[in-house]
Amino acid sequence: MTHAHITSWLIMIILFLIAVSMQRSGAAKAAIVQMVLRLFYIITIMTGLLLLHGIASISGLYLLKALAGLWVIGAMEMVLAAVKKGKRAAAGWTQWIIALIVTLFLGLSLPLGFDWF
């Protein structure tokens, strides 16, 4: 399940960057990419919940990581909404970068992650 979760959030990040660039260029298919992105939000959340369900004892850091992951998704939606309206998205981008760093650090440093840190 870990590989499915990692694959889903990697695809989610790639789709997010594609959706932002398509919206900025005014491409007509940007809405389709955004809908596929939202499908990957659901897949990522479901695989994350399945990973949490499989842990024998859930510590507070796992719950913090889950909340940070939801924060990443929320920041993605903030950026996409701002770009679609033609407004500045600096606050959304800042939140997205901070949330992504926190989520990746927690995900890779906790026992279910890789031993990089």
Quiz item: Linking I/L/V/M/F/W/Y whenever their side-chain heavy atoms sit closer than 4.5 Å, directly or via other members, would Leu49 and Met12 fall into one cluster?
Solution: yes

Quiz item: Do Ser8 side-chain atoms and Phe40 backbone N/O form a donor-acceptor pair below 3.5 Å?
Solution: no

Exercise. Kindly determine whether Ile43 and Ile11 satisfy side-chain contact (heavy atoms from CB on, under 4.5 Å), including the steps that lead there.
Key: CA-CA 10 Å; Ile43 293 169; Ile11 292 172; over 6 Å; no

Quiz item: Mind checking whether Leu51 and Ile55 sit in one hydrophobic cluster, side chains of I, L, V, M, F, W, Y counted as touching below 4.5 Å?
Solution: no

Quiz item: Do the side chains of Val20 and Ile32 join up, straight or via other hydrophobic residues, at under 4.5 Å, putting them in one cluster?
Solution: no

Quiz item: Could you walk me through whether Leu100 and Ile13 pass the side-chain contact (heavy atoms from CB on, under 4.5 Å) check?
Solution: CA-CA 10 Å; Leu100 186 64; Ile13 291 171; 3.8 Å; yes

Quiz item: For Leu106 and Leu61, which heavy atoms make the closest approach, and how far apart are they?
Solution: CD2-CD2, 4.1 Å

Practice problem: Indicate if Leu15 and Ile97 have the same hydrophobic cluster label, given that clusters are the connected sets of ILVMFWY residues with side-chain heavy-atom separations under 4.5 angstrom. | Solution: yes

Quiz item: Would Ile42 and Leu50 show up in the same hydrophobic cluster when neighbours are defined by side-chain heavy atoms closer than 4.5 Å?
Solution: no

Quiz item: How close do Val33 and Met22 get, heavy atom to heavy atom, and via which atoms?
Solution: CG2-SD, 3.4 Å

Quiz item: Do His53 and Met1 come close enough that some side-chain heavy atom pair is under 4.5 Å?
Solution: no

Quiz item: Taking all non-hydrogen atoms of both residues, which atom of Ala75 and which atom of Gly92 are closest, and how far apart?
Solution: CB-O, 4.0 Å

Practice problem: Please report the shortest heavy-atom distance between Leu52 and Ala66, naming the atom on each side. | Solution: CD1-CB, 4.1 Å

Quiz item: So, for Ala68 and Ala99, which heavy atoms are closest and what is the spacing to 0.1 Å?
Solution: O-CB, 4.2 Å

Practice problem: Report the C-alpha separation of Ile73 and Ile45 in whole Å, then their side-chain angles, then the decisive distance to 0.1 Å, and conclude whether the side-chain contact (heavy atoms from CB on, under 4.5 Å) test is met. | Solution: CA-CA 10 Å; Ile73 292 172; Ile45 290 169; 3.8 Å; yes

Quiz prompt | Inter-residue atom distance Ile101.CD1 - Leu104.CG, 0.5 Å rounding | solution = 8.0 Å

Self-check item: Minimum side-chain heavy-atom gap Phe16-Leu80 below 4.5 Å
Solution: yes

Quiz item: Is there a side-chain contact (heavy atoms from CB on, under 4.5 Å) between Met76 and Tyr41 once you walk through the steps?
Solution: CA-CA 10 Å; Met76 285 178 172; Tyr41 291 162; 3.4 Å; yes

Quiz prompt | Gap separating the CH2 atom of Trp93 from the CD1 atom of Ile98, nearest 0.5 angstrom | solution = 14.0 Å

Practice problem: Locate the shortest heavy-atom distance separating Lys65 from Leu110; write the atom from each residue and the value. | Solution: CB-CD1, 4.3 Å

